[in-house]
2 protein chains.
Amino acid sequence: MVKERNTKQKAVILSAVQGTKTHPTAEQVHAMIADEMPNLSLGTVYRNLNRLAEIGKIRRISVTNSPDRFDGDLTPHHHICCTQCGRFCDFFDMEYNENLDRLIEAKSKFSSVRHETVFYGKCEDCKKFEMN
Amino acid sequence: MVKERNTKQKAVILSAVQGTKTHPTAEQVHAMIADEMPNLSLGTVYRNLNRLAEIGKIRRISVTNSPDRFDGDLTPHHHICCTQCGRFCDFFDMEYNENLDRLIEAKSKFSSVRHETVFYGKCEDCKKFEMN
DNA sequence: ATCCTTAATAAGAATAATTTCTATTAAGAA
DNA sequence: TTCTTAATAGAAATTATTCTTATTAAGGAT
């Protein structure tokens, strides 16, 4: 019994996400693949990104004032987003605290807990242009 | 010179958000006020929620697979969301770590840093119904 | 108290983000 | 090679949010 098929589309989408550090949106993933697979549909990109995120092969990151972003880097790290320009970066200089997840599981009635932390602030460039 | 006007709409929207612990979406805030102010427009709800969040009178929370939610409770606390049913709860039993923001500021070139952590897991009810 | 300026509104159109629908294609088991 | 059906392309539909425009009303000035 077949459960999940290995389509070319899925493979290409996965490697596109894994091959960049730009945290692309679905739209951007679609654009990245346009040359290689010109009639890949955006719906297929969304469907596969959703599935890949569900099975944990990529991460999905929900950000205020931005479409969801996807990250092929599964090593524990954080993200920081500029509230002015939307610039979105990795932040590796701090650990992902898995203990928090265990703590939540112990204190709440939720299981399989993980967390997503997004830092928001003003980036260097935007600071320069600020007035008042 | 007038900078910001105190409209009835703004007051009602603010107190609606402050008066609930349900973390309503804009749509839900609009519905909550429907009786009191039947021709309050959804656009006005969005505009005011955005403004109130900007000036820090309420919090905006971006969640995967959900429209943005708003929280009138400014005391430091976290949120946890069920990945199956979307149930969204407060989690108070752990501090908001402001040191993280200061650490990010020190290690990155971002300023005015804050962060939003959302925990995702499977809630008690959804656990019961899980198969396989 | 009335006038005046313009910020904020209602209503709806427009846009953006994402999902759903349907006929067709192609994985991969038999 | 055949067969079943998961996955696709393409487009329509839906959801979330912002924008547009004529109108209203907040609140400072007269």
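Just so you know, these numbers come straight off a predicted model, no measurement behind them. So that the names make sense, note that chain A is the first sequence line, chain B the second, and so on, each numbered from 1.
Side chain to side chain, Tyr96(B) and Asp101(B) meet the donor-acceptor criterion of an N or O pair below 3.5 Å. Using modelled atom types, one finds no donor on one side chain facing an acceptor on the other under 3.5 Å when comparing His115(A) with Asn97(A).
When each of dA9(D), dT18(C), dA8(C) is scored by its nearest atom to the side-chain atoms of Arg51(B), the top-ranked nucleotide is dA8(C). Proximity note for Pro67(A) (side chain, C-beta onward) versus dT18(C), dA9(D), dA7(D): the nearest is dT18(C). For Leu40(A), taking side-chain heavy atoms from C-beta onward, the closest of the listed nucleotides dA8(C), dT18(C), dA9(D) is dA9(D). With dG10(D), dA11(C), dA17(C) as the candidates, the nucleotide lying closest to the side chain of Asn39(A) is dG10(D). In this structure, of dT17(D), dT18(C), dA10(C), it is dT18(C) that holds the atom nearest to the side chain of Tyr46(A). Taking every side-chain heavy atom of Asn50(A) into account, dT19(C) is the closest of dA9(D), dT19(C), dA10(C). Minimum atom distance to the side chain of Arg5(B) is reached by dT6(C), of the listed dA6(D), dT6(C), dA9(D). Each of dT6(C), dG28(C), dA17(C) was ranked by its minimum atom distance to the side chain of Asn6(A); first place goes to dG28(C). Comparing dA10(C), dA9(D), dA8(C) by their nearest atom to the side chain of Gln9(A) picks out dA9(D).
Put simply, NZ on Lys10(B) is 13 Å from P on dA10(C), counting in whole angstrom units. Atom CE of Met37(A) and atom P of dG10(D) are 12 Å apart (whole Å). Going from atom NE2 of His30(A) over to atom C1' of dA17(C) covers 14 Å, rounded to whole Å. The distance between atom CG of Asn65(B) and atom C1' of dT19(C), rounded to the nearest whole Å, is 11 Å. Between Leu49(B) atom CG and dT17(D) atom P the separation is 10 Å, expressed in whole Å. In this entry the distance linking CZ of Arg69(B) with P of dT15(D) reads 16 Å, nearest Å. Distance, Ile55(A) CD1 to dA7(D) P: 11 Å, rounded to whole Å. In this entry the distance linking CZ of Arg60(A) with C1' of dA17(C) reads 11 Å, nearest Å.
Test Phe88(A), Phe92(A), Phe91(A), Phe70(A) against His79(A) for ring pair (Phe, Tyr, Trp, His ring centres under 6.0 Å) and you get one pass: Phe88(A).
Nearest-nucleotide positions on DNA chain D for Glu27(B) and Lys8(B) put Glu27(B) closer to the 5' end. Each of Ser66(A) and Leu42(B) has a nearest nucleotide on DNA chain C; the 5'-most of these lies closest to Leu42(B).
Contact between the side-chain N/O atoms of Thr44(A) and the OP1/OP2 oxygens of dA9(D) is found at a separation under 4.0 Å.
Distance check, rounded to the nearest 0.5 Å: CG of Asp71(A) to CZ of Arg60(A) gives 13.0 Å.
At distances below 3.5 Å, at least one donor-acceptor pair connects side-chain atoms of Arg102(A) with backbone N or O atoms of Val113(A).
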